[in-house]
Amino acid sequence: MAADFDRAAIGYDKTFTNTAIGRGQRQVVWKRLGRILARGHSKQSILELNCGTGEDAKYLGELGHEVLATDISTEMLAVTQGKCRALPNVTTQQLDLTTLPHLSQQFDLIFSNFGGLNCLDSNQLRRFANWSQSHLVDGGSLILVIMPRDTLIEQWYRRFKGDRQSLRLRQSQNPTQVNVDGQLVQTYFFNPDEVTEIFEGYEVKTLKATGYVPSYWSGHWLESVLLLFSRVFSILSIGGRYGDHYLVELVKSTDDVT
Ligand SMILES: C[S@@+](CC[C@H](N)C(=O)[O-])C[C@H]1O[C@@H](n2cnc3c(N)ncnc32)[C@H](O)[C@@H]1O
């Protein structure tokens, strides 16, 4: 069955990964990942969810870690396989976050970058929280990068356009239809406090915005001005809920019995 992001696979790196906005946000994630991985041994087992075109799988594989990169989209997985061809420590598997099959392994780190979890509603996210507990080793980390409801620049833009309907929808429990390369994708937004409530069995270690500029500003004449705002917001540590995405690092407690 075709997945929502199949059509986007071919152009995703051009429209997001290789843009200044995409690269800047991924650097923030990699910096944090680097610190977390440095705490453990040199060859950690990593489960990557919604890996997309495999930019992170390649990065983590080149660091020498064992990566199982998963996504619902066979087209996205095909791009990942191409990018990671030279890395025998990176394997791929189709995995649907809404059905969550049991995997026979526990991982040192489970990682979901750039909004894959925004394709789940709050009940599905809750099921994922339980599932991840049983697939992480004690003391293992869950790194989630999620789109919040309150993205500041999105709010300014919608208000400027007089589009209060979109703002209301983003605050509701109903999905927003986001256009991804001509395909409407049902998208749910979660502020950090909702996520930490859902993942209450975990200790929250880090919570920060990865950047403040939504990627649809790429190539716009205002992009560099907005990126300047974003840098100032980062220096001022404006809360993750106002970011385009935020990163939350959750650690499974060592005395947890599941
Ligand atoms: C915005 S892309 C993020 C890709 C990648 N993580 C990155 O860093 O660029 C969202 C990804 O989530 C995947 N996705 C959407 N719904 C999913 C589901 N139910 N199960 C697994 N993956 C899903 C899509 O196929 C897509 O590759």
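Given the structure is predicted, the values throughout are model-derived calculations rather than measurements. When a ligand or atom number is given, it counts from 1 through the structure's own listing order.
- Not a single salt bridge (Lys or Arg N to Asp or Glu O under 4.0 Å) links Asp108 to another residue, sequence neighbours left out.
- Contacts of Arg32 classified as side chain to side chain contact (heavy atoms under 4.5 Å, CB included), with partners at least two apart in sequence or in another chain: Arg35, Ile36, Arg39, Thr206, Leu247, Glu249.
- For ligand 1, the protein residues within 4.0 angstrom (heavy atoms only) are Phe5, Tyr12, Arg26, Asn50, Cys51, Gly52, Asp56, Asp71, Ile72, Ser73, Met76, Leu95, Asp96, Leu97, Thr98, Asn113, Phe114, Gly116, Cys119.
- Look at Asp181 and Arg7 and you find no salt bridge, because none of the NZ, NE, NH1 or NH2 atoms lies under 4.0 Å from a carboxylate O.
- Not counting sequence neighbours, the partners of Trp30 by the side-chain hydrogen bond (donor to acceptor under 3.5 Å, both in side chains) test are Asp56.
- With hydrogens and angles disregarded, a donor-acceptor distance shorter than 3.5 Å links the side chain of Asp71 to the backbone of Gly52.
- Ion pairing between a basic and an acidic side chain is recognised when a charged N comes within 4.0 Å of a carboxylate O; Glu194 and Arg149 show such pairing.
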